[in-house]
Amino acid sequence: MAMHTKIIITCAVTGNLTTREQHPGLPCSPKEIAESALEAAKAGASIAHIHVRDPETGKPSMALDHYREVMERIREKDENLILNLTTGPGGRFVPSPENPRIAAPGTTLLPPEDRVAHLTPLKPDICTLDLNTMNSGKEVVINTPPNVRRMIKVINEAGIKPEIELFDTGDIAFCHDLIKEGSIASPIMCSLVMGVKYGFQPSPETVIYARNLLPKGSLFTGFGVGRHSFPMAAQSVLAGGHVRVGLEDAVYIDRGVLAPSNAALVEKARRMIEDLGASVATTEEARQLIGLPERARDLGQAT
């Protein structure tokens, strides 16, 4: 697969795990998240990947009102920025030490439909869909095939394009099955997530190996977490993929230097892409590459 000449940059604005202790400037309120996404768009990002937080505590949230406020604030200033809402929260299980069948504090498991409940009223351009069941530190992330299919049903009925999140080779095998049975349409949009300790290990070999396992015609983004963020962004571009950066994935812009902002991370990614001989896709070009309408959908009404 040849290197694309037009590279889509996704900015993962705040995430679910990064804390204010790790980065004092982490966007947490809907206003902060929206403003950071808009700054990233001006720097060259055509997709904003959105998690929301409780504005009082900074802790992860799935509140519909927070998602709605973020989207409305962004749409007031930028109608065309591609909005990608997460469906990842709600899949974590922490077993109790005394009895592993009992959930300990930190467990977030939710019914599949609750994890996608914000999509139908808001109708973002894209939503993430995690296919991984894996160890995550001392905990477990659980996305069983039946539960994934229940989430896909809601996503499809809402007319939203999923971005498939792939953490290891078994996830790619599952993706092939979902395409074969008609649950998700091909060609897919997907991400290769590298650097999570018990998933894909970040290396040039991993990018090429995983890319070659993807369904034919896949539009993919390879990205790394922590110190692997920019090296894996470069490898993704060289392998024919796209780029994702942001404070969700890494809080440092250089060794020991906290990133001033999400926009600063996007600007560095842009320079790297251009130094490799490619150029950054505009939002309109990104919509064409992904197969989205030229203009964003209108926000839905809460039910």
Side-chain angles (χ1 to χ4, degrees), residues 10-23 26 49 51 53 58-60 86-97 100 103-110 115 128-145 147-148 163-175 190-214 220-236 239 241-259 265 269:
T10 294
C11 181
V13 178
T14 194
N16 201 42
L17 299 177
T18 308
T19 66
R20 278 270 171 93
E21 287 71 29
Q22 293 170 308
H23 195 297
L26 181 75
H49 174 53
H51 289 245
R53 304 288 185 109
K59 293 183 178 179
T86 185
T87 67
R92 188 169 294 269
F93 179 75
V94 184
S96 296
T107 295
T108 65
L109 288 180
L110 292 172
R115 294 173 62 184
T128 57
L129 179 67
D130 297 347
L131 299 192
N132 61 317
T133 293
M134 64 184 291
N135 293 321
S136 179
K138 298 178 181 179
E139 305 164 1
V140 179
V141 172
I142 301 175
N143 291 293
T144 63
N147 284 352
V148 168
E163 180 184 48
I164 312 301
E165 305 294 291
L166 305 166
F167 291 75
D168 213 335
T169 54
D171 302 345
I172 300 178
F174 183 19
C175 184
C190 64
S191 290
L192 305 174
V193 185
M194 292 171 285
V196 177
K197 187 172 183 181
Y198 301 121
F200 277 131
Q201 296 305 294
S203 71
E205 292 82 3
T206 298
V207 176
I208 299 301
Y209 173 60
R211 179 204 68 185
N212 290 346
L213 294 175
L214 293 175
F220 77 93
T221 297
F223 72 92
V225 301
R227 61 188 176 88
H228 307 293
S229 177
F230 285 104
M232 290 303 100
Q235 291 298 330
S236 181
H242 300 274
V243 166
R244 168 173 145 167
V245 293
L247 292 175
E248 173 175 353
D249 303 328
V251 298
Y252 292 99
I253 196 165
D254 207 342
R255 185 185 295 272
V257 180
L258 284 175
L265 293 169

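Count residues from 1 along the sequence.
- Considering all non-hydrogen atoms of both residues, T14 and T18 come closest at O-CB, 4.0 Å.
- Minimum heavy-atom separation, G88 to T86: N-OG1, 2.9 Å.
- None of V196, T133, N132 except one satisfies the side chain to side chain contact (heavy atoms under 4.5 Å, CB included) rule with V141; the exception is N132.
- Put simply, NE2 on H228 and CE on M194 are 10.0 Å apart, with the number rounded to the nearest 0.5 Å.
- Taking OG1 of T144 as the start and CZ of F174 as the end, the distance is 8.0 Å to the nearest 0.5 Å.
- For F220 against R211, the heavy-atom pair with the smallest separation is CE2-CG, 3.5 Å.
- To the nearest 0.5 Å, atom CZ of residue F230 and atom CD1 of residue I253 are 5.5 Å apart.
- Inter-residue side-chain proximity for Q22 and L247 is flagged as unmet; no heavy-atom pair is nearer than 4.5 Å.
- Between L129 and T87, the shortest heavy-atom contact is CA-OG1, 4.0 Å.
- Rounded to the nearest 0.5 Å, atoms CG (D249) and CG (L17) are 10.5 Å apart.
- Under the 4.5 Å side-chain criterion, counting only non-hydrogen atoms from C-beta, L26 is in contact with R53.
- Two residues are said to be in side-chain contact when any heavy atoms from C-beta on lie closer than 4.5 Å; T128 and H49 meet this criterion.
- Across all their heavy atoms, D168 and Y198 have their closest contact at OD2-O, 4.0 Å.
- Counting only N and O atoms by type, the side chains of R244 and S191 include no donor and acceptor under 3.5 Å apart.
- Taking the side chain as every heavy atom from C-beta outward, L213 and T169 approach each other to under 4.5 Å.
- In this structure, L131 and C175 have side chains that are in contact, with non-hydrogen atoms separated by less than 4.5 Å.
- Contact check for S203 versus Q201: no side-chain heavy atoms found under the 4.5 Å cut-off.
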Between V193 and L166, is a side chain to side chain contact (heavy atoms under 4.5 Å, CB included) present by the stated rule, with each step listed? CA-CA 6 Å; V193 185; L166 305 166; over 6 Å; no
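- With a 6.0 Å radius and a threshold of 12 heavy atoms from other residues, nucleotides or ligands, Y252 has its OH atom at or below the threshold.
- Taken to the nearest 0.5 Å, the SG atom of C190 stands 8.0 Å off from the CD atom of E163.
- Scanning all heavy atoms of the two residues, the minimum distance from C11 to G246 falls at SG-CA, 4.3 Å.
- We find the CG-CG distance between N147 and D130 to be 13.0 Å, quoted to the nearest 0.5 Å.
- No hydrogens or angles considered: a donor-acceptor pair under 3.5 Å links the side chains of R115 and N143.
- Contacts classified as salt bridge (charged side-chain N to carboxylate O under 4.0 Å, His left out) and involving residues 12-21 (residues at least two apart or in different chains) are given here: R20-E32.
- When side chains are defined from C-beta on, L192 does not count as touching F223, because their heavy atoms never get closer than 4.5 Å.
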